[in-house]
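Residue numbering restarts at 1 for every chain, and letters A, B, ... go by the order of the sequence lines.
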Number of protein chains: 2
Amino acid sequence: MVKRVSLWDAGCPVARALDVIGDWWSLLIIRDAFDGVRRFNEFQSGLGIAKGMLATRLRDLTARGILETAPASDGSAYKEYVLTEKGRGLFLVIVALRQWGEDHLYGPDEPRSSLIATETGAPVARLELRAGNGRVLTWDDTEVIKISTI
Amino acid sequence: MVKRVSLWDAGCPVARALDVIGDWWSLLIIRDAFDGVRRFNEFQSGLGIAKGMLATRLRDLTARGILETAPASDGSAYKEYVLTEKGRGLFLVIVALRQWGEDHLYGPDEPRSSLIATETGAPVARLELRAGNGRVLTWDDTEVIKISTI
DNA sequence: CCGATCTGGTTTCATATCGAGACCACTTGC
DNA sequence: GCAAGTGGTCTCGATATGAAACCAGATCGG
């Protein structure tokens, strides 16, 4: 049986995260959820995703604790999908993707959307990785170590 | 013709980024590249990816300017795949995924790897989103606006 | 310097997954 | 009460994936 490979057990948090939200649609659904989308039809028409796919993705994301269903906020009998605390934790992943996309995937004159702080109306700052002492780090200032429990 | 949907033209940097690196393997390949993996065989045995898939992914990532080939650093006639500047820009995406995975996908006693600053040996700080004025922002302190060129 | 092995792929094949659209039950609007 | 909207499920053909066979050129052992 040819099955999609899972790297859940690889012990790397990146692999495990991608095992959960690394498919084609999940992060786009989550992005829309951050933008306030809650209803099945809104997701479907906004993303152009096939209904069957969307149903599967919403079920998986709910089962994995990233979304949860709630009664419709407008009082109708329908339900809504909203981000859990765990799901909201993906915000910085979305922001990191957004900043990379803005930097590398647009021509200088291409229109694009922008993330701003509601309070000030100004664009947010760039994400930065810092050491515990506050120093800004680049990729080659860091390394991955194995933590063993032995 | 049923083709995998592309959201390149949606005007959202997140969608455009996922169009480039949003498939199952790309970010894992890039993660390994950050960890110093450079040769075809290293990627293949490390990830357990099928050779055909790996060849396709390496070609795509190279064509999209995320990897580039270079002569082998050990003087042999083989080539190596190394991250371009654009590819290195994905570091914070990997870090964001790593931190989310560490927070939400491990039991308290499960062994995991950790990202440390080489200089101090201490774990890196959490990523934070800040406004232009330095204030830390959460997801509902922000909004996405359309920038029009009209 | 010659055969064995390693590297870096390509090709082929069976199966899994995806996208499109038909279909359907329940809800809501009129 | 009936038409339209919502939130799905089912089926089908097209595509992508994983495994394995195969292969050319580079390297290694002797």
Nucleotide [N], atom [atom2] - distance to [atom1] of [X] in whole Å:
X: Trp24(B); N: dG18(D); atom1: CH2; atom2: P; result: 9 Å
X: Asp60(B); N: dT17(D); atom1: CG; atom2: P; result: 10 Å
X: Gln44(A); N: dG19(C); atom1: CD; atom2: C1'; result: 11 Å
X: Phe43(A); N: dG5(D); atom1: CZ; atom2: P; result: 21 Å
X: Arg57(A); N: dG8(D); atom1: CZ; atom2: C1'; result: 16 Å
X: Met53(B); N: dG9(C); atom1: CE; atom2: P; result: 14 Å
X: Lys51(A); N: dC23(C); atom1: NZ; atom2: P; result: 13 Å
X: Leu58(B); N: dG9(C); atom1: CG; atom2: C1'; result: 10 Å

* Tell me, please, which residues at least two apart from Thr69(B) pass side chain to side chain donor-acceptor pair (under 3.5 Å). => none
* Are Ser73(B) and Glu80(B) linked by a side-chain donor-acceptor pair shorter than 3.5 Å? -> yes
* Hey, can you pull the residues of residues 74-81 of chain A with a non-hydrogen atom under 4.0 angstrom from DNA chain D? ->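 The answer is Tyr78(A), Lys79(A), Tyr81(A).
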Residues [X] and [Y] bridged, charged N to O under 4.0 Å:
X: Asp60(B); Y: Arg57(B); result: yes
X: Glu119(B); Y: Arg135(A); result: yes
X: Asp103(A); Y: Arg126(A); result: yes

* **Net bend of the helix from dC1(C)-dG30(D) to dC30(C)-dG1(D), end axes of five pairs each, nearest 10 degrees** =>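 Angle reported: 30°, given to the nearest ten degrees.
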* Derivation and outcome, side chain to side chain donor-acceptor pair (under 3.5 Å), residues Ser113(B) and Arg98(B) -> CA-CA 9 Å; Ser113(B) 62; Arg98(B) 165 177 285 280; 3.3 Å; yes
* Mind checking what makes ring-ring contact (aromatic ring centres under 6.0 Å, His included) contact with Phe91(B), not counting sequence neighbours? ->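 Scan of Phe91(B) (ring-ring contact (aromatic ring centres under 6.0 Å, His included), adjacent residues dropped) gives Phe34(B).
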* **For Ile145(A), the rest of its hydrophobic cluster, which grows through side-chain links under 4.5 angstrom** => Ile116(B)
* Using only side-chain N and O atoms of Trp25(A), determine if any of them is under 4.0 Å from OP1 or OP2 of dG19(C). =>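 Affirmative; the distance criterion is met.
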* Would you say a side-chain N or O of Arg39(B) is under 4.0 Å from OP1 or OP2 of dT7(C)? ->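 So the side chain of Arg39(B) is outside the cut-off, no N or O lying under 4.0 Å from OP1 or OP2 of dT7(C).
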* Structure fact -> Against the side chain of Ala50(B), the closest entry in dG7(D), dT10(C), dG18(D) is dG18(D)
Atom pairs and distances, side-chain donor-acceptor, residues 40-51 of chain B, under 3.5 Å, sequence neighbours left out:
unit_1, atom_1, unit_2, atom_2, d
Glu42(B), OE1, Arg38(B), N, 3.2
Glu42(B), OE1, Arg39(B), N, 3.0
Gln44(B), NE2, Ile49(B), O, 3.4
Ser45(B), OG, Asn41(B), O, 2.9

